[in-house]
Number of protein chains: 2
Amino acid sequence: MTSYKDKKVISIGIVSELTGLSLRKIRYYEERGLLSPGRTERGGRKYSFADVDTLMTIAERREEGVQTAEIKQELIKERKKKESVRNEMIKGQLNAHFNIRK
Amino acid sequence: MTSYKDKKVISIGIVSELTGLSLRKIRYYEERGLLSPGRTERGGRKYSFADVDTLMTIAERREEGVQTAEIKQELIKERKKKESVRNEMIKGQLNAHFNIRK
DNA sequence: CGTGTAAGGAATTCTGACACG
DNA sequence: CGTGTAAGGAATTCTGACACG
């Protein structure tokens, strides 16, 4: 659930190398609400691998000329979809569990 | 194979928070050859989650009074074991593959 | 042997702002 | 709207060394 992929531990410089995006862009996408990195005690941004993936997606969409507001909506939908897939899986497991003992 | 767990992306400060070890200790265990972090262009150390796990193991063993030289040997053995487990798995899959088509 | 610490320097990151468009 | 950049400051990290034991 909270695996390595979701731990916020990567500094913005490394994220920049990983994604090829400038620091400015990375901070800007946060400002527009497309992602929310964690923070160290003194304000340093900390990203997860999931955040890095999100940034790669953002980069692709931006290259296609899509505006950040639009991308933001897409990301929200994407997250809701994953959410419901998770819920379906749990539902399925519950059913399997009860069917077996019936 | 090279999953999130093995990507060297975490700076030493974060590793210190994650493990509870001082910067001095983390650097010293490297000096003794117990782990090898990556480096950024200008010399900054970069650790993986696997390195963090290794450091936790080191911390435990040190608390038990084990010396770094000893711990180093244990870590090497540990890695060889994992290596051979990987090889066995591949062997098993090859066998399964050929048995099916026979 | 293992770890702390002070030292000086270099590189990182932060924020708010101005620029262009 | 999205991104670059110069600005000043604060926090991070690096190495080599001395200390204690």
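Everything numeric here is computed off the predicted structure, so don't read it as measured data. Every chain is numbered from 1, with letters handed out A, B, ... down the list of sequences. Values reported hereafter were calculated over all heavy atoms of this structure, with side chains retained and with hydrogens, waters and symmetry mates removed.
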C:dT3 phosphate, OP1 or OP2, under 4.0 Å from B:Tyr29 side-chain N/O | yes
Taking atom P of D:dT15 as reference, at what distance in whole Å does atom CD of B:Glu31 sit?
-> 10 Å
Check the distance between C:dT5's P and B:Lys25's NZ and give it to me in whole angstrom.
-> 11 Å
Can you tell me the distance, in whole Å, between the CD atom of A:Glu30 and the C1' atom of C:dC14?
-> 11 Å
Quick one: look up who D:dC18 pairs with, Watson-Crick or G-U, both distances under 3.5 Å, and put none if it's unpaired.
-> C:dG4
Are B:Ser48 and B:Asp51 linked by a side-chain donor-acceptor pair shorter than 3.5 Å?
-> yes
Report yes if at least one side-chain N or O of B:Arg39 is closer than 4.0 Å to OP1 or OP2 of D:dT15; otherwise report no.
-> yes
Could you please name the option among C:dG2, D:dT5, C:dC14 that lies closest to any side-chain atom of B:Tyr28?
-> C:dG2
To the nearest angstrom, how far is A:Leu21 atom CG from C:dT13 atom P?
-> 14 Å
Per B:Arg24 side chain, nearest of listed nucleotides C:dC14, D:dC18, D:dG4 | D:dC18
Quick one: which of D:dG2, C:dT3, C:dT13 gets closest to the side chain of B:Arg62?
-> C:dT3
Taking only side-chain nitrogens and oxygens of B:Ser11, does any of them come within less than 4.0 Å of OP1 or OP2 of D:dT13?
-> yes
Can you measure from CG (A:Leu23) to OG (A:Ser16) and round to the nearest 0.5 angstrom?
-> 5.0 Å
In whole angstrom, give the distance that lies between atom CD1 of A:Ile14 and atom P of C:dT12.
-> 9 Å
Between C:dC14 and A:Arg45, is there an OP1 or OP2 to side-chain N/O distance shorter than 4.0 Å?
-> yes
Any strand, both distances under 3.5 Å, Watson-Crick or G-U wobble: C:dA10 pairs with D:dT12
A:Arg27 has a side chain; which of C:dC14, D:dG2, C:dT3 sits nearest to it?
-> C:dC14
May I have the distance from B:Lys72 (atom NZ) to C:dG2 (atom P), rounded to whole angstrom?
-> 12 Å
Which atom names give the shortest non-hydrogen contact between B:Ser11 and B:Tyr47, and what distance separates them?
-> C-CD1, 4.4 Å
From the list D:dT13, D:dG2, C:dG4, which nucleotide is the closest neighbour of the side chain of B:Ser22?
-> C:dG4
DNA chain D: A:Val66 or A:Arg42, which has the more 5' nearest nucleotide?
-> A:Val66
Atom pair distance, as rounded to whole Å: CD1 in B:Ile12 and C1' in C:dA10 | 16 Å
Residue from B:Lys80, B:Arg79, B:Arg86, B:Lys81 passing side-chain hydrogen bond (donor to acceptor under 3.5 Å, both in side chains) with B:Glu83 | B:Arg86
Rounding to a whole Å, what distance do you find between A:Lys46:NZ and D:dT12:P?
-> 12 Å
What is the minimum heavy-atom distance between A:Phe49 and A:Tyr4, and which atoms define it?
-> CD1-O, 4.0 Å
For a side-chain hydrogen bond (donor to acceptor under 3.5 Å, both in side chains) with A:Arg61, tell me which candidate from A:Gln67, A:Glu70, A:Glu74 qualifies.
-> A:Glu74
A:Arg32, nearest nucleotide to its side chain (from D:dG2, D:dG4, C:dG2) | D:dG2
